[in-house]
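None of the values given here were measured: they were computed from a predicted structure. We use all heavy atoms of the structure for the numbers below, so side chains are in, but hydrogens, waters and symmetry mates are not.
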Amino acid sequence: MDKLKIMIVDDESRMRKLVKDFLKKKDFEVVEAADGEEALDIFFKDKSISLIICDVMMPKINGFDVVKEIRQYSQVPIIMLTAKGEESDELNGFDLGVDEYISKPFSPKILVARVEAILRRSNNLSTGEIRKAGGIELDIAAHEVRIDGKEITLSFKEFELLNYFVMNQGVALSREKILNNVWNYDYFGDARTIDTHVKKLRSKLGEKGEYIKTIWGMGYKFEVD
């Protein structure tokens, strides 16, 4: 089986080497980019990249603009790195379609665990199953969503979240349970992460977004009227 390829985008060579060494120990193939411009050049030439780890603050083209450009053409999972740790940065990243957010300094082992969790869930979604609910149709293998027959574009994380909702129709889901199942048990996020993704998902689903009911003080429930 071919090794999965991961691209690390960071202007600090020391940081790239640190992350690369940990990923290679887990038998991943790694390509590096020192700035956003180089990252886009590599990504659009190499169609085999399975996941991107991207810093925010970089010369030439910053991380947010890299994500924005890639999301026009691909839903490849993206983990964003930031030294700021500011709420506005995280919300901006999630709004653009970032799947995970890690603030510097971080544990390389935790980062690798996040990478493995995302890729594992991505592989688990690679089945030929079609799921339907109230005019929403999810093609699991193709990673496509159609609303009343019309295709819409979701990020990998939005797709996972919708898939989890559809699989648990009528079940009241706490934010903690959603975090544990969609973001994995080792995710150190909080309710804001889920609320941001739900808001974005509702917007993309249009009138079908009303299926995602808010349960105040607890979480959400997906229910087709």
Centroid separation under 6.0 Å, is that true for the rings of Y164 and F222? no
Identify whether I136 and M167 are in the same connected component of the hydrophobic contact network (ILVMFWY, side-chain heavy atoms under 4.5 Å). no
Smallest heavy-atom separation, P59 atom then D35 atom, equals O-CB, 3.5 Å
Does atom NZ of K24 have more than 12 heavy-atom neighbours from other groups under 6.0 Å away? no
Nearest atoms (heavy-atom pairs only) where G36 meets V66: CA-CG2, 3.5 Å
Within the side chain of R202, is there an N or O that forms a donor-acceptor pair under 3.5 Å with the backbone of I212? yes
Taking atom SG of C54 and atom CD1 of I8, what is their separation to the nearest 0.5 Å? 11.5 Å
Please step through salt bridge (Lys or Arg N to Asp or Glu O under 4.0 Å) for the pair R16 and D11, ending with a clear verdict. CA-CA 8 Å; R16 294 199 308 273; D11 58 326; over 6 Å; no
Looking at side-chain heavy atoms only, is the closest gap between I52 and I79 below 4.5 Å? no
To the nearest 0.5 Å, tell me how far L173 CG sits from N181 CG. 8.5 Å
Using the rule given for side chain to side chain contact (heavy atoms under 4.5 Å, CB included), can you reason through I152 versus K150, listing the C-alpha separation, both sets of side-chain angles and the distance that settles it, and then say yes or no? CA-CA 7 Å; I152 64 169; K150 184 179 180 180; 5.5 Å; no
Distance (rounded to the nearest 0.5 Å) between N163 CG and N168 CG: 9.5 Å
In short, I49 meets V76 closest at the heavy-atom pair O-CG2, 3.8 Å
Whether the D195 and Y220 side chains hold a donor-acceptor pair (N or O, under 3.5 Å, no angle test) is what I'd like checked. yes
Any chance the side chains of K5 and S48 put a donor and an acceptor closer than 3.5 Å? yes
Give the intermediate values and the outcome of side chain to side chain contact (heavy atoms under 4.5 Å, CB included) for residues I6 and E29. CA-CA 6 Å; I6 295 171; E29 182 179 348; over 6 Å; no
Can L179 be reached from V171 by stepping across I, L, V, M, F, W or Y side chains whose heavy atoms are under 4.5 Å apart? yes
Membership question, hydrophobic clusters at under 4.5 Å side-chain separation (ILVMFWY): are I194 and M218 in the same one? no
Grouping I, L, V, M, F, W and Y whenever their side-chain heavy atoms are under 4.5 Å apart, do V182 and I215 come out in a common cluster? no
D10 vs K104, salt bridge (Lys or Arg N to Asp or Glu O under 4.0 Å): CA-CA, chis, key distance, verdict: CA-CA 12 Å; D10 197 306; K104 295 179 180 179; 3.0 Å; yes
Begin with the C-alpha distance, continue with both residues' side-chain angles, and end with the deciding distance and a verdict on side chain to side chain contact (heavy atoms under 4.5 Å, CB included) for L205 and Y211. CA-CA 9 Å; L205 293 176; Y211 294 161; over 6 Å; no
H197 side chain vs T193 backbone, donor-acceptor pair below 3.5 Å: yes
Output yes when a side-chain donor or acceptor of D99 lies under 3.5 Å from a complementary backbone atom of I78, and no otherwise. yes
Value rounded to 0.5 Å, distance of CD in E12 from NZ in K17: 14.5 Å
Check against salt bridge (Lys or Arg N to Asp or Glu O under 4.0 Å), R71 and D65: CA-CA 10 Å; R71 278 290 175 259; D65 288 338; over 6 Å; no
Assess whether salt bridge (Lys or Arg N to Asp or Glu O under 4.0 Å) is satisfied between E210 and K208, documenting all intermediate values. CA-CA 5 Å; E210 296 177 3; K208 309 292 186 187; over 6 Å; no
Using a strict 4.0 Å threshold on nitrogen-to-oxygen distance, state whether E32 and K20 make a salt bridge. yes
Using a strict 4.0 Å threshold on nitrogen-to-oxygen distance, state whether E137 and R131 make a salt bridge. no
Close side-chain approach of I118 and E100, heavy atoms under 4.5 Å: yes
Is it true that, when you exclude E176 itself, more than 12 heavy atoms of the residues, nucleotides or ligands shown sit nearer than 6.0 Å to its CD? no
Could you tell me whether K26 sits above the aromatic face of F28, with NZ or CZ closer than 6.0 angstrom to the six-membered ring centre and within 45 degrees of the axis? no
For the residue pair Y73 and F44, does the interplanar ring angle fall in the parallel (under 30°), tilted (30 to 60°) or perpendicular (over 60°) class? perpendicular
Can any side-chain N or O of E158 pair as donor or acceptor with the backbone N or O of S155 at less than 3.5 Å? yes
Assess whether side chain to side chain contact (heavy atoms under 4.5 Å, CB included) is satisfied between F64 and M80, documenting all intermediate values. CA-CA 9 Å; F64 290 137; M80 207 78 172; 3.7 Å; yes
